[in-house]
Amino acid sequence: MKRIAVLTSGGDAPLMNAALRAVVRKAIYNGLDVYGIMYGYAGLLKKEIKKMELGSVGDIIHRGGTKLYTARCQEFLQPEVRAKAVEILKEYAIEGLIVIGGDGSYRGALELTKLGMPGIGIPATIDNDVLGTEFSIGFDTALNTVIEAIDKIRDTAMSHERTYVIEVMGRDCGDIAQWAGVAGGAETVLVPEKPIDINATIERIKRGHERGKKHSIIIVSEGVGNAVEIGRQIKDICGYDTRVTILGHVQRGGSPTATDRVLASRFGSRAVELLCEGKFGHTVGIIKNEIVDMEFENALKMKKLSNSSLAELCDELAI
Ligand code: ADP
């Protein structure tokens with residue numbers, strides 16, 4: 001293999017730049033030419049392709065966002081559009097493609113692999129919802145952003161003796177909520193994997209108040225439903241001063257944590273090695289601190305579910 005390309009696609013994660021840097025540097029280290037494709041699959045179709053040099057990825061390891069920009073591309077669901085994408089890649093003599101993104105982006109890379117354009121995936125999603133890895137890049141950074149916010153909200157919750165419902169990201173996978181619940185000392189967490197039991201939640205808050213607790217923090221994944229409505233129900237039933245904070249897109253940005261930067265560097269490096277070894281159609285991942293890889297088909301069988309033992313731990317510790 002002489003020439004590869006890399007793109008970032010789908011929802012952004014704070015670590016895409018660090019992974020991009022690792023791919024470009026490792027490819028050049030291995031004597032490959034490497035091209036960057038702007039705006040994901042949409043930019044590929046528009047031939048927004050440029051040669052990357054060592055300096056192209058200088059000074060980005062600590063920056064959030066993605067230097068290549070990211071986009072969604074609905075057209076890519078059409079087989080003839082994907083065939084055109086392969087033609088374009090071949091026109092540039094590109095022999096392999098590394099896709100940094102979530103499960104949707106993997107599906108695109110899988111289809112390109114089937115058409116003879118070898119693809120490798122790097123899991124980048126703050127929701128941590130793809131299979132084949134215990135952690136996706138961006139998750140740790142997003143989690144730390146959430147913890148910083150919870151700590152600040154806890155100060156005001158305490159001063160005013162309020163109950164706070166905090167909505168965090170996580171459409172199908174409640175990992176951010178579960179980890180934030182434990183690390184942020186929440187009363188309880190509500191995640192999409194488990195049916196919501198508002199009465200049990202209210203009971204927990206009341207028990208806390210009865211033993212003298214003046215403030216409570218409830219973490220809700222966005223996939224659970226309407227956090228404002230949950231806050232209203234708590235207020236109506238308990239009568240406690242209840243506020244709702246939706247953290248939103250602040251969770252997608254910011255300077256990546258050291259853990260995430262190391263993970264992104266390991267993933268980027270392994271992705272290039274896999275292409276060089278001729279092992280295509282795989283995603284890289286980390287399991288028990290070992291870098292592993294898995295076929296796209298297996299990684300796409302279902303969404304990864306969150307670790308429910310953390311929700312139990314959160315409940316136990318907030319007794
Ligand atoms: P993410 O990668 O973060 O999960 P999306 O689900 O939006 O984000 O997917 C990103 C892009 O991947 C889509 O805009 C589309 O271009 C491509 N894609 C998603 N699903 C498929 C599919 N089934 N076949 C081909 N391409 C797909």
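When a ligand or atom number is given, it counts from 1 through the structure's own listing order.
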Participant: Given that the side chain starts at C-beta and the backbone is N, CA, C, O, which of these parts of Phe76 lies under 4.0 Å from ligand 1, counting heavy atoms, or is it both or neither?
Facilitator: both

Participant: Please indicate whether Lys84 has more than 12 foreign heavy atoms, meaning atoms of other residues, nucleotides or ligands, lying under 6.0 Å from its NZ.
Facilitator: no

Participant: Under a heavy-atom criterion of less than 4.0 Å, does Thr125 contact ligand 1?
Facilitator: no

Participant: Is Asp103 paired with Lys303 through a side-chain N to carboxylate O contact shorter than 4.0 Å?
Facilitator: yes

Participant: Flag the pair His282 / Phe296 as yes when their ring centroid distance falls below 6.0 Å, and as no otherwise.
Facilitator: no

Participant: Closer than 4.0 angstrom, basic N to acidic O: yes or no for Glu273 and Lys26?
Facilitator: yes

Participant: Please confirm whether Glu75 approaches ligand 1 to less than 4.0 Å, judged on its heavy atoms.
Facilitator: no

Participant: So is there a nitrogen or oxygen of Gly10 less than 3.5 Å from a nitrogen or oxygen in ligand 1?
Facilitator: no

Participant: Salt bridge check, Asp129 against Lys304: does any charged N sit closer than 4.0 Å to a carboxylate O?
Facilitator: no

Participant: Would a hydrophobic clustering, with Ile, Leu, Val, Met, Phe, Trp and Tyr connected at side-chain separations under 4.5 Å, put Val220 with Tyr164?
Facilitator: no

Participant: Suppose we measure from atom 12 (O) of ligand 1 to each protein heavy atom; which comes out shortest, and what is that distance?
Facilitator: Gly104 O, 3.3 Å

Participant: Using a plain distance cutoff, I'd like to know if Arg72 has any nitrogen or oxygen under 3.5 Å from a nitrogen or oxygen of ligand 1.
Facilitator: yes

Participant: Mark up the atoms of ligand 1 that fall under 4.0 Å of a heavy atom belonging to Cys73, in ascending order.
Facilitator: 13 (C), 14 (O), 15 (C), 16 (O)

